[in-house]
Amino acid sequence: MFDSPEYPQSLSEDLFEQWLEIGREKPIPYAYLLVIWDEIENTYVPIYVEERSQIHSYSRYGTSPERQLLVAAYDLFSESRVL
């Protein structure tokens, strides 16, 4: 995933699938998986949120000098990309 120059590095499909499974199994009813790029660690980090409105509280990759930047957001159950 994310195999293009517009992303900082690629992400393993297997790791992404693991993140989806982890999010579905959590006792809190999360609905979305956010793929966050951590500028300091140079790695992707999963963040789970309950409501779609929470997605917009993260700055998008390429638009901010913050440490953690939103690369993409996915619905945990349909696996469709929402952002």
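This is a predicted model, so every value here is computed, not measured. All residue numbers refer to positions in the sequence shown, counting from 1.
In terms of modelled atom types and a separation under 3.5 Å, the side chain of Tyr44 and the main chain of Gln9 share a donor-acceptor contact. A distance-only check finds a donor-acceptor pair linking the side chain of Tyr48 to the backbone of Trp19 [under 3.5 Å]. Side chain of Arg24 to backbone of Phe77: no donor-acceptor contact under 3.5 angstrom is found.
Follow the hydrophobic side-chain contacts under 4.5 Å out from Leu11 and you reach Leu33 in the same cluster. Placement of Ile28 and Leu76 within a single hydrophobic cluster is found when ILVMFWY residues are connected by side-chain heavy-atom separations under 4.5 Å, directly or transitively. Tyr58 and Tyr7 fall into different hydrophobic clusters, where Ile, Leu, Val, Met, Phe, Trp and Tyr side chains are chained together by heavy-atom contacts under 4.5 Å.
Across Gln68 and Asp38, no two heavy atoms sit closer than the pair NE2-OD2, 3.1 Å. Asn42 approaches Glu39 most closely through the heavy-atom pair OD1-O, 3.3 Å. Here the shortest heavy-atom pairing between Asp3 and Ser10 reads OD1-CB, 2.5 Å. The two residues Tyr32 and Arg52 make their nearest non-hydrogen contact at CE1-N, 3.4 Å. Taking all atoms of both residues into account, the shortest heavy-atom contact from Ile55 to Ala73 is CD1-CB, 3.9 Å. Listed here is the closest heavy atom pair of Glu50 and Pro29: CG-O, 3.9 Å.
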Mind running side-chain contact (heavy atoms from CB on, under 4.5 Å) on Glu79 and Glu17 for me, showing each step along the way? CA-CA 9 Å; Glu79 298 183 15; Glu17 291 295 326; 4.1 Å; yes
side-chain contact (heavy atoms from CB on, under 4.5 Å) for Leu15 and Met1? Distances and angles first, verdict last. CA-CA 10 Å; Leu15 181 57; Met1 300 184 72; over 6 Å; no
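Residue Ile47 holds its CD1 atom at 4.5 Å from CD1 of Ile36, rounded to the nearest 0.5 Å. Put simply, OH on Tyr61 and CD on Glu66 are 14.0 Å apart, with the number rounded to the nearest 0.5 Å. For the atom pair CD1 (Ile22) and OH (Tyr30), the distance works out to 12.5 Å, reported to the nearest 0.5 Å.
By the 30° and 60° cut-offs, the orientation of the rings of Phe16 relative to Tyr74 is perpendicular.
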